Student: 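Handing you a structure now.
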Amino acid sequence: NAEYSPIDLAVFSYSLPVVLQYSYVSNEAKHVSEKHTAWLAGFKLGKAQEKGSFELFYNYRQIGRDAVLAIINDSDFHLGGTGAKGHKFGAVYQILPNSTIGLTYFITRPYKVVATGANRNINIWQIDWVTKF
């Protein structure tokens, strides 16, 4: 898992950090199929930290069927589980000093079409309100 922030962009009166992200995992315990790896690559622009600040993000990921335990995988991506690939787009706005509102869009499809199981594309819009105490 790695993050790298090479620059801060100056846009109008905002200083927006650019963060590049990459994650990779390989299940070495059991090679039951060729789908034992997972990876994610993406970026974040800005940081929702103070009232009025925001961040934009994007990532693409591929999660092999045998790469990770389905129970610990992102439950929003492809409705949870493994064996999927796709995009995640979003924005977060710091609406109050301790609250953010976010909008996320997932575009996912099966990693590999198989004879059994769910072989469907799943696109999801998600709105989050997060308050920290």
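Side chains are part of it too, since the values below use all heavy atoms of this structure and drop only hydrogens, waters and symmetry mates. This structure is a prediction, so every number in the text was calculated from the model and none was measured.
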Student: Find out if a path of hydrophobic residues (ILVMFWY) with successive side-chain heavy-atom gaps under 4.5 Å connects F89 to I122.
Tutor: no
Student: Aromatic contact between F54 and Y93, with the criterion being ring centroids under 6.0 Å apart: yes or no?
Tutor: no
Student: Is there side-chain contact between E3 and Y22, with heavy atoms separated by less than 4.5 Å?
Tutor: no
Student: Let me confirm one number: the OG1-CD1 distance from T82 to I72, rounded to the nearest 0.5 Å.
Tutor: 10.5 Å
Student: side-chain contact (heavy atoms from CB on, under 4.5 Å) for D8 and L16? Distances and angles first, verdict last.
Tutor: CA-CA 5 Å; D8 284 1; L16 304 174; over 6 Å; no
Student: Is there a side-chain hydrogen bond (donor to acceptor under 3.5 Å, both in side chains) between N1 and S23? Walk through the geometry before answering.
Tutor: CA-CA 4 Å; N1 194 28; S23 294; 2.5 Å; yes
Student: Hey, is the main chain of G81 close enough, under 3.5 Å, to the side chain of N73 for a donor-acceptor pair?
Tutor: yes
Student: Show the numbers, then the answer: is there a salt bridge (charged side-chain N to carboxylate O under 4.0 Å, His left out) between K88 and D76?
Tutor: CA-CA 10 Å; K88 179 180 178 181; D76 297 322; over 6 Å; no
Student: Side-chain contact test, heavy atoms from C-beta onward, threshold under 4.5 Å: evaluate it for R120 versus L79 and give yes or no.
Tutor: yes
Student: I'd like to know if V130 and L56 are part of one continuous hydrophobic network [Ile/Leu/Val/Met/Phe/Trp/Tyr, side-chain heavy atoms within less than 4.5 Å].
Tutor: no
Student: Measure the shortest side-chain to side-chain distance between Q94 and E50 over non-hydrogen atoms and say whether it is less than 4.5 angstrom.
Tutor: no
Student: Just wondering, do F43 and Q21 contact through their side chains at under 4.5 Å, heavy atoms?
Tutor: no
Student: On the six-membered ring of Y111, is R65 placed so that its NZ or CZ lies under 6.0 angstrom from the centre and within 45° of the ring axis?
Tutor: no
Student: Hey, what do you get for OH (Y105) to CH2 (W125), rounding to the nearest 0.5 Å?
Tutor: 6.5 Å
Student: Could you tell me the separation between the CD atom of E55 and the OG1 atom of T100, rounded to the nearest 0.5 Å?
Tutor: 8.0 Å
Student: For I71, I'd like to know if atom CD1 has over 12 heavy atoms of other residues, nucleotides or ligands within 6.0 Å.
Tutor: no
Student: Apply side-chain contact (heavy atoms from CB on, under 4.5 Å) to the pair K85 and Y60, showing each step before the final yes or no.
Tutor: CA-CA 7 Å; K85 60 184 173 180; Y60 179 83; 3.6 Å; yes
Student: Taking the side chain as everything from C-beta on, heavy atoms only, tell me whether V25 gets closer than 4.5 Å to N27.
Tutor: no
Student: Hey, what do you get for CD1 (I95) to OG (S53), rounding to the nearest 0.5 Å?
Tutor: 11.5 Å
Student: Could you measure the distance from the NE2 atom of H78 to the OG1 atom of T108? Nearest 0.5 Å is fine.
Tutor: 5.0 Å
Student: If I take atom CD1 from residue I101 and atom CD1 from residue I127, how far apart are they, to the nearest 0.5 angstrom?
Tutor: 6.5 Å
Student: Which label fits F77 and F106: parallel for a plane angle under 30°, tilted from 30 to 60°, or perpendicular past 60°?
Tutor: perpendicular
Student: Passes ring pair (Phe, Tyr, Trp, His ring centres under 6.0 Å), W39 versus Y24? Steps please.
Tutor: CA-CA 4 Å; W39 62 271; Y24 177 82; 8.7 Å; no
Student: W129 vs T131, test: side-chain hydrogen bond (donor to acceptor under 3.5 Å, both in side chains). Steps then yes/no.
Tutor: CA-CA 7 Å; W129 181 287; T131 300; 2.9 Å; yes
Student: Do K132 and S99 have side-chain heavy atoms sitting under 4.5 Å apart?
Tutor: no
Student: Within the structure provided, determine whether T104 and F57 are in side-chain contact (heavy-atom separation under 4.5 Å).
Tutor: yes
Student: Do L9 and L45 have side chains that approach each other closer than 4.5 Å (heavy atoms only, starting at C-beta)?
Tutor: yes
